[in-house]
Trainee: 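Okay, here's the structure, questions in a sec.
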Amino acid sequence: MSIYDKLNPEQLKAVMHREGPLLILAGAGSGKTRVLTHRIAYLINECDVRPYQILAITFTNKAAKEMKERVENTVGEEGANVWVSTFHSSCVKMLRRFCEYIGYDRSFTIYDDDDKKSLMKSILKTMNIDPKRMNEKLFMKAISHAKDELIGPEEFEKEACDYMSETVAKVYREYQRQLKSCNAFDFDDLIMKTVELFQNNPDVLNYYRNRFRYIMVDEYQDTNTAQFRLVSLLAHYENEDGEIEHNLCVVGDDDQSIYRFRGANIYNILNFEKEFPDTRVIKLEQNYRSTKNILAVANSVIHNNTERKDKTLWTANADGQNVHYVKYENDIAEAEGVTSLVKRLMSERGALPKDFAVLYRTNAQSLSFEKAMRAAGIKAKTVGALSFFQRKEIKDIVAYLKTIDNARDDIAVQRILNVPKRGIGATTVEKLREYAYDGGLTFYEAVESARSVPGAERASAKTESFVALIQGFRYELEKNKVTLKKLIRIIIEETGYEQYLIDDDPEKADDRKENLDALISYASRYEEEADENGDLTGFLEYCGLNSEEAADDGEGEDDGQGFVSLMTLHNAKGLEFPYVFMVGMEEGLFPSYMSISADDPEPEIEEERRLCYVGITRAMKELWLSSCVQRMMRGELQFNMPSRFFKEIPRYMLDMSTPMNKDYRRTGKMDDELREKKPTPAYTKANGDDGYKRHDGGDLSAEPFAMNYKKPVRDMGKGAGTLDYAEGDTVSHAKFGEGKVISIVKGGKDFEVTVEFPGFGTKKMLSAFANLKKV
DNA sequence: CGTAGTTTTGTTTTT
DNA sequence: CAAAACTACG
């Protein structure tokens with residue numbers, strides 16, 4: 001009996017693969033993590049590979065942690081020496097060691113999105129760029145994208161061809177300059193700069209090439225160009241006979257690529273075999289997770305994508321229930337409906353809260369579910385929304401720590417200079433910033449010499465006491481060798497931070513204090529776990545990269561029943577639940593309005609479809625899909641059509657009779673009488689003599705919901721029948737201003753209108769959404 | 001300088 | 001309906 005006995009033949013082939021590039025196309029629920037961990041075990045136990053020669057890369061810290069545990073379970077103690085981490089933390093580790101080669105100091109900090117935004121805003125201000133015309137988001141996106149593609153500021157500048165890109169180039173260069181002077185990297189830099197480090201320093205690269213003889217990458221479909229380069233640089237080893245080995249094993253599923261917006265390059269997986277010609281390809285198509293019915297729905301949806309490797313997932317599992325579809329009157333009814341279904345499944349089937357997940361497209365949707373669950377007394381947890389380290393109070397204290405550790409971090413210093421309030425106002429900060437900028441100083445240095453800064457003299461008494469405060473903290477840390485835990489307590493104490501919280505918002509003060517306590521226990525746990533390099537810099541790095549759940553906040557101790565998980569579809573990747581609710585499946589929400597109205601919608605819609613596929617395949621036993629006729633979105637009542645993805649599911653696969661009484665869809669409440677007479681009305685009507693017409697997935701033109709279909713009210717009169725403008729007319733658009741109509745093409749119930757806007761170029765849009773007015 | 005009250009603006013997903 | 005930006009006042 002060996003650990004390999006439980007593997008199927010394909011899995012076994014993958015596990016036993018020793019040398020050379022290997023591409024594992026692993027469908028959802030096909031046991032890829034198991035393959036990965038077993039392969040690591042195989043290499044160590046059977047092939048004399050040392051654990052430290054293996055590098056396994058995952059995407060999230062959570063996945064890394066889980067994989068590490070599983071490796072240690074299969075391999076034993078030695079498994080702890082396998083380097084399992086995310087792209088970002090691997091890079092941090094390597095940079096921490098060698099960043100001096102590229103002119104950084106070892107105590108560098110990492111900027112998250114908030115920090116990035118602050119820095120960008122201040123740059124735009126000093127460069128006198130009108131934020132009304134070009135806001136910081138635009139620049140952040142452009143720069144981030146460039147970095148994903150390994151395009152540095154110089155190259156970007158060379159390729160700039162219009163005013164827009166030239167401006168971005170200038171900002172990009174300044175942004176990089178300031179990052180460096182702050183001794184900070186942003187997330188994208190972590191990858192790009194590591195690649196730079198390798199490319200410019202062969203000795204460093206060779207060091208890691210010789211060390212990492214076997215490299216594995218999980219979720220390979222979500223790698224971007226920079227990450228691909230990083231991995232291919234590393235997976236290059238010259239053996240004793242002078243042959244080059246590429247011991248690179250990547251595991252992925254092109255159908256689950258959902259991070260294109262973040263630069264993920266789907267061709268990394270589609271063209272892997274071209275990059276590495278001697279690649280062995282193994283497909284894992286047997287699904288161990290879901291029922292046949294769930295898988296059938298997933299397959300029928302994903303088959304509408306054109307850019308994919310052909311494969312079809314199958315399972316030996318039972319048929320299971322049909323996938324359910326419920327159409328609710330509004331978002332509140334949806335939340336209550338889902339909640340009562342959860343309640344009912346718990347009482348009728350003995351399911352536990354942890355068996356359920358509610359998946360939605362946008363974080364904003366979580367609120368109504370949180371409320372409904374709380375009202376019904378069901379434990380639910382929203383995962384991921386606002387991560388621990390993004391909370392104001394945590395960021396403030398962390399900014400103090402950053403300032404103590406690395407006063408070159410201008411963003412951190414600016415954040416806390418007047419928090420809690422010390423009477424140092426915006427004008428003073430502005431003067432200090434100018435002074436620092438002109439004199440090539442860090443912001444902190446400017447603060448130190450505020451006395452001689454024109455315009456800031458008046459506040460110099462206040463800035464001096466701030467400097468003294470920081471020096472005091474440094475003294476505690478360096479001379480008195482206080483622990484991190486103690487240091488944080490001292491900071492809170494000395495700055496009067498708790499009083500500040502109470503003055504700022506008495507309502508939230510208690511919650512926030514609890515978060516501070518959580519930070520303190522997080523720090524003390526870090527100190528216990530970390531070995532000798534458990535210093536302040538290390539702790540900050542830990543904080544910066546762990547965007548996920550922090551310390552258990554003590555709230556609601558686990559009783560073994562767990563929580564209903566509320567999360568975005570993106571967050572659900574890699575997870576599985578017996579019962580899954582995919583909610584808010586409406587045109588304009590999922591697929592999102594952004595994807596529908598993009599210049600070139602097809603690839604975006606395909607990504608949304610993959611996201612849909614990911615959601616469906618999270619379900620093990622039973623799946624509910626739902627949409628609402630109307631919902632509140634940004635304070636306005638919106639009327640959406642059911643998602644186009646429903647049209648891609650053959651109707652006979654859907655059970656549309658889910659718990660219904662007269663009022664269910666309107667209120668989300670179940671009729672108790674009905675429940676008692678017919679205990680399980682939900683599961684009786686499926687697939688059969690219900691009068692539903694059956695058609696296969698090929699016929700997408702069929703009206704899916706003739707039964708309870710209402711025309712969307714949104715923009716009636718423009719969307720349907722006729723338009724009040726014609727080709728050649730001048731129209732006006734809320735965002736782009738006036739433009740000339742180039743063409744109008746009829747498509748389905750809508751018109752695709754092409755308009756040329758001076759200054760914005762030519763845009764294609766759907767008449768129903770564009771809200772164009774004839775001028 | 002700080003604050004409270006008002007207006008504007010923006011809408012996806014995240015390491 | 002937020003959050004952010006702006007304004008007016010003490």
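Reminder, nothing fancy here: chain letters follow the sequence lines and each chain counts from 1. For the numbers below, each heavy atom of this structure counts, side chains included, while hydrogens, waters and symmetry mates do not.
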Trainee: Taking the cut-offs as 6.0 angstrom to the six-membered ring centre and 45 degrees off its axis, would you call R433(A) and F443(A) a cation-pi pair?
Mentor: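 R433(A) over F443(A) ring: no.
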
Trainee: Categorize D222(A) for me: base, sugar-phosphate, or nothing, with a 4.0 angstrom heavy-atom threshold over every strand shown.
Mentor: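 Nothing, no heavy atom under 4.0 Å.
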
Trainee: Look at N363(A) and dT13(B) and indicate whether a side-chain polar atom (N or O) is within less than 4.0 Å of OP1 or OP2.
Mentor: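 Answer yes for this pair, as a side-chain N or O of N363(A) is under 4.0 Å from OP1 or OP2.
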
Trainee: I'd like to check, for F59(A), whether its ring lies over the base of dT15(B) with centroids under 5.5 Å apart and a plane angle smaller than 30°.
Mentor: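 Here the ring of F59(A) and the base of dT15(B) are not stacked, as the 5.5 Å and 30° limits are not both satisfied.
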
Trainee: Which part of the nucleic acid, if any, lies within contact of F87(A), taking any heavy atom under 4.0 Å across all strands shown: a base, the sugar-phosphate backbone alone, or nothing?
Mentor: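 The answer is nothing, as F87(A) stays clear of every strand by at least 4.0 Å.
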
Trainee: Between atom CD1 in I605(A) and atom C1' in dT13(B), what is the gap in whole Å?
Mentor: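 So the two atoms are 14 Å apart, to the nearest Å.
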
Trainee: Return the nearest nucleotide to the side chain of M632(A); candidates are dC1(C), dT14(B), dT15(B).
Mentor: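 For M632(A), the side-chain atoms sit closest to dC1(C).
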
Trainee: Pick base, sugar-phosphate or nothing for I424(A), based on heavy-atom distances below 4.0 Å to the nucleic acid.
Mentor: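 Contact class for I424(A): sugar-phosphate only.
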
Trainee: Mind checking the OG1-CD1 spacing from T194(A) to I102(A)? Nearest 0.5 Å is all I need.
Mentor: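 Separation between the atoms: 7.0 Å.
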
Trainee: State yes or no: are the ring centers of F59(A) and Y259(A) separated by less than 6.0 Å?
Mentor: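 Not under 6.0 Å, so no.
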
Trainee: Would you say CZ of R415(A) has more than 12 non-hydrogen atoms from neighbouring residues, nucleotides or ligands within 6.0 angstrom?
Mentor: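 Atom CZ in R415(A) is packed in, count exceeds 12.
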
Trainee: Determine the Euclidean distance between corresponding P atoms of dT13(B) and dA4(C); express it in Å to zero decimal places.
Mentor: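 Looking at atom P only, dA4(C) and dT13(B) are 15 Å apart.
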
Trainee: Would you say the ring centers of Y500(A) and Y497(A) fall short of 6.0 Å from each other?
Mentor: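 Centroid separation for Y500(A) and Y497(A): below 6.0 Å.
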
Trainee: Examine dA4(C): is either OP1 or OP2 under 4.0 Å from a nitrogen or oxygen in the side chain of K121(A)? Give yes or no.
Mentor: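 The answer is no; no side-chain N or O of K121(A) sits under 4.0 Å from OP1 or OP2.
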
Trainee: Want to settle it: does R422(A) or S595(A) sit nearer the 5' end of DNA chain B, counting the closest nucleotide to each?
Mentor: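 Mapping each residue to its closest nucleotide by heavy atoms, the 5'-most match is R422(A).
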
Trainee: dG2(B), OP1 or OP2 - any side-chain N/O from N418(A) closer than 4.0 Å?
Mentor: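 Yes, because at least one side-chain N or O of N418(A) sits under 4.0 Å from OP1 or OP2 of dG2(B).
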
Trainee: Between dT12(B), dT13(B), dT15(B), spot the one nearest the side chain of E604(A), thanks.
Mentor: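 For E604(A), the side-chain atoms sit closest to dT12(B).
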
Trainee: Please convert DNA chain B into dot-bracket. A pair counts if it is Watson-Crick or G-U wobble with both distances under 3.5 Å; crossing pairs go in [ ] and bases paired with another strand get |.
Mentor: ||||||||||.....

Trainee: Output the rounded distance in Å from OH (Y259(A)) to P (dT12(B)).
Mentor: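 Whole-Å distance recorded here is 16 Å.
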
Trainee: Would you say the rings of Y522(A) and F389(A) are close, in the sense that their centroids are separated by under 6.0 Å?
Mentor: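 Yes, the ring centres sit under 6.0 Å apart.
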
Trainee: Separation of M567(A) atom CE from dT14(B) atom C1', in whole Å?
Mentor: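 So the two atoms are 15 Å apart, to the nearest Å.
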
Trainee: Go nucleotide by nucleotide along DNA chain B from the 5' end; which of T428(A) and A364(A) gets its closest nucleotide reached first?
Mentor: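 Here T428(A) is the residue nearer the 5' end.
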
Trainee: Without decimals, in angstroms, what is the distance between R610(A) CZ and dT13(B) P?
Mentor: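 Answer to the nearest Å: 18 Å.
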
Trainee: Measuring to OP1 and OP2 of dT14(B), would you say a side-chain N or O of T568(A) lies under 4.0 angstrom away?
Mentor: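 Answer yes for this pair, as a side-chain N or O of T568(A) is under 4.0 Å from OP1 or OP2.
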
Trainee: Could you state the atom-to-atom distance from NZ of K125(A) to C1' of dA4(C) in whole Å?
Mentor: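 Rounded to whole Å, this separation is 13 Å.
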
Trainee: Provide, to the nearest angstrom, the distance between the NZ atom belonging to K137(A) and the P atom belonging to dG10(B).
Mentor: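 Value for this atom pair: 8 Å.
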
Trainee: Base, sugar-phosphate, or nothing: which does S89(A) touch, judged by heavy atoms less than 4.0 Å apart?
Mentor: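 The answer is nothing, as S89(A) stays clear of every strand by at least 4.0 Å.
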
Trainee: Between H145(A) (NE2) and dT15(B) (C1'), how many Å, whole number?
Mentor: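 Rounded to whole Å, this separation is 16 Å.
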
Trainee: For S592(A), report the nucleic acid contact type (base, sugar-phosphate, nothing); a contact means any heavy atom under 4.0 Å.
Mentor: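 Here S592(A) touches the bases of the nucleic acid.
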
Trainee: Would you please say whether a donor-acceptor pair under 3.5 Å links the side chains of R610(A) and Q221(A)?
Mentor: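 No, Q221(A) and R610(A) have no side-chain donor paired with an acceptor closer than 3.5 Å.
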
Trainee: Without decimals, in angstroms, what is the distance between Q221(A) CD and dT13(B) P?
Mentor: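 Q221(A) atom CD is separated from dT13(B) atom P by 20 Å.
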
Trainee: Across the strands shown, which category fits D148(A) at heavy-atom distances under 4.0 angstrom: base, sugar-phosphate, nothing?
Mentor: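 Nothing: the residue D148(A), judged by heavy atoms under 4.0 Å, touches no strand.
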
Trainee: Indicate, with a heavy-atom threshold strictly under 4.0 Å, whether N571(A) touches base, sugar-phosphate, or nothing.
Mentor: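 Contact class for N571(A): sugar-phosphate only.
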
Trainee: Do S118(A) and Q414(A) meet the criterion of a side-chain donor-acceptor pair at a distance under 3.5 Å?
Mentor: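 No.
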
Trainee: Kindly write out the residues that satisfy salt bridge (charged side-chain N to carboxylate O under 4.0 Å, His left out) with E196(A), not counting sequence neighbours, or none if the list is empty.
Mentor: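 Salt bridge (charged side-chain N to carboxylate O under 4.0 Å, His left out) check on E196(A) returns K193(A).
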
